[in-house]
Visitor: 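Mind looking over this structure? Questions follow.
All values below come from the heavy atoms of this structure, side chains included, with hydrogens, waters and symmetry mates left out.
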Amino acid sequence: MDHDKIGCQAPPEGPSLCINNCGFFGSAATLNMCSKCHKDMMLKEEQAKLAVSSIGNIINGSSSSSGNDLLVATTNVDISVNSVEPKTISVQPLFGSGSEESGEAKPKDGPKRCNSCNKRVGLTGFNCRCGSLFCSVHRYSDKHNCPFDYRTAGQDAIAKANPIVKAEKLDKI
């Protein structure tokens with residue numbers, strides 16, 4: 001029987017560490033490895049078997065594989081790896097404009113500052129219609145001597161919103 005071959009051995013006195021020295025404890029059921037190392041080893045073995053079977057299928061030209069084919073393929077297959085020379089590939093951006101400006105990078109701006117008092121504003125800055133950035137004190141047009149003409153901008157907006165309606169003249173009887 002099996003117990004005669006194994007013999008009567010006392011179980012180990014304490015838990016044993018994993019044979020891969022990962023720091024976890026192993027068990028006899030997992031070949032003295034922790035569960036993670038055992039799982040990794042099993043995955044590697046399965047991948048190796050699949051690789052050998054696929055190589056055997058390619059060499060033999062058959063689509064079926066059996067255990068005997070795997071054994072024959074492992075003994076007859078010699079894989080040689082040739083050195084590969086690196087190639088340089090130039091990549092052009094997909095989202096760039098049609099001009100040559102895509103090669104030039106914008107210089108990174110420093111912290112955002114108020115144009116009047118040079119105070120750091122960060123995310124709380126206010127953009128004026130004149131195109132400048134201002135702090136909360138100088139955000140109004142009268143506080144920073146804004147050159148933008150609000151009067152003509154308002155007149156143009158009203159003219160666009162209210163087109164002139166002219167009726168055709170009626171014929172008098």
Side-chain angles (χ1 to χ4, degrees), residues 20 22-24 30 33-67 69-70 73 77-173:
N20 290 339
C22 64
F24 293 103
T30 58
M33 290 188 270
C34 65
S35 60
K36 184 174 187 269
C37 293
H38 186 261
K39 182 179 175 184
D40 291 343
M41 183 192 70
M42 297 303 285
L43 286 174
K44 286 180 184 178
E45 286 179 0
E46 288 178 17
Q47 289 175 352
K49 287 179 184 177
L50 289 175
V52 168
S53 67
S54 64
I55 291 172
N57 289 339
I58 292 171
I59 292 173
N60 296 334
S62 63
S63 60
S64 65
S65 64
S66 64
D69 292 340
L70 292 177
V77 175
D78 292 328
I79 300 173
S80 63
V81 179
N82 296 331
S83 63
V84 178
E85 297 178 11
K87 295 181 181 179
T88 57
I89 300 172
S90 61
V91 179
Q92 297 178 354
L94 299 174
F95 54 87
S97 62
S99 64
E100 294 294 323
E101 296 175 4
S102 61
E104 299 175 6
K106 290 184 178 179
K108 186 177 179 183
D109 295 332
K112 296 181 179 181
R113 295 185 177 271
C114 175
N115 283 2
S116 293
C117 64
N118 207 25
K119 178 181 174 183
R120 291 178 81 174
V121 292
L123 297 174
T124 60
F126 294 92
N127 289 322
C128 182
R129 286 188 177 179
C130 64
S132 301
L133 185 69
F134 297 101
C135 63
S136 60
V137 174
H138 297 107
R139 67 180 171 175
Y140 298 113
S141 61
D142 59 336
K143 298 291 183 183
H144 67 267
N145 298 326
C146 187
F148 187 78
D149 190 8
Y150 286 94
R151 182 176 179 193
T152 56
Q155 287 175 349
D156 292 341
I158 290 172
K160 287 181 183 176
N162 301 319
I164 297 173
V165 178
K166 230 180 197 183
E168 295 180 15
K169 292 191 175 189
L170 297 173
D171 295 330
K172 290 187 179 180
I173 302 180

Visitor: Hey, could you give me the CG/CG distance between Asn115 and Asn145, rounded to the nearest 0.5 Å?
Guide: 12.5 Å

Visitor: Would you compute the distance between atom CD of Glu45 and atom CE of Met41 and round it to the nearest 0.5 angstrom?
Guide: 4.5 Å

Visitor: Step through the shown structure and confirm whether more than 12 heavy atoms of other residues, nucleotides or ligands are within 6.0 Å of CZ on Phe24.
Guide: no

Visitor: Hey, are the side chains of Phe148 and Cys128 touching, using non-hydrogen atoms and a 4.5 Å cut-off?
Guide: no

Visitor: Check each of Thr124, Leu123, Leu133 against Lys112 using the side-chain contact (heavy atoms from CB on, under 4.5 Å) test, and report the only one that passes.
Guide: Leu133

Visitor: Looking at Cys135 and Cys114, what are the two nearest heavy atoms and their distance?
Guide: N-SG, 3.4 Å

Visitor: Spell out, as yes or no, whether a donor-acceptor pair under 3.5 Å connects the side chain of His144 to the backbone of His138.
Guide: yes

Visitor: When you compare the side chain of Lys143 with that of Val137, does any pair of heavy atoms fall below 4.5 Å?
Guide: no

Visitor: If you draw a 6.0 Å radius around CZ in Phe126, do more than 12 non-hydrogen atoms from other residues or ligands fall strictly inside?
Guide: yes

Visitor: Rounded to the nearest 0.5 Å, how far apart are CD1 of Ile59 and OG of Ser54?
Guide: 9.5 Å

Visitor: Side-chain contact, heavy-atom cut-off 4.5 Å: Phe134 with Ser116?
Guide: yes

Visitor: Measure the CG-NE2 distance between Leu43 and His38 for me, rounded to the nearest 0.5 Å.
Guide: 10.5 Å

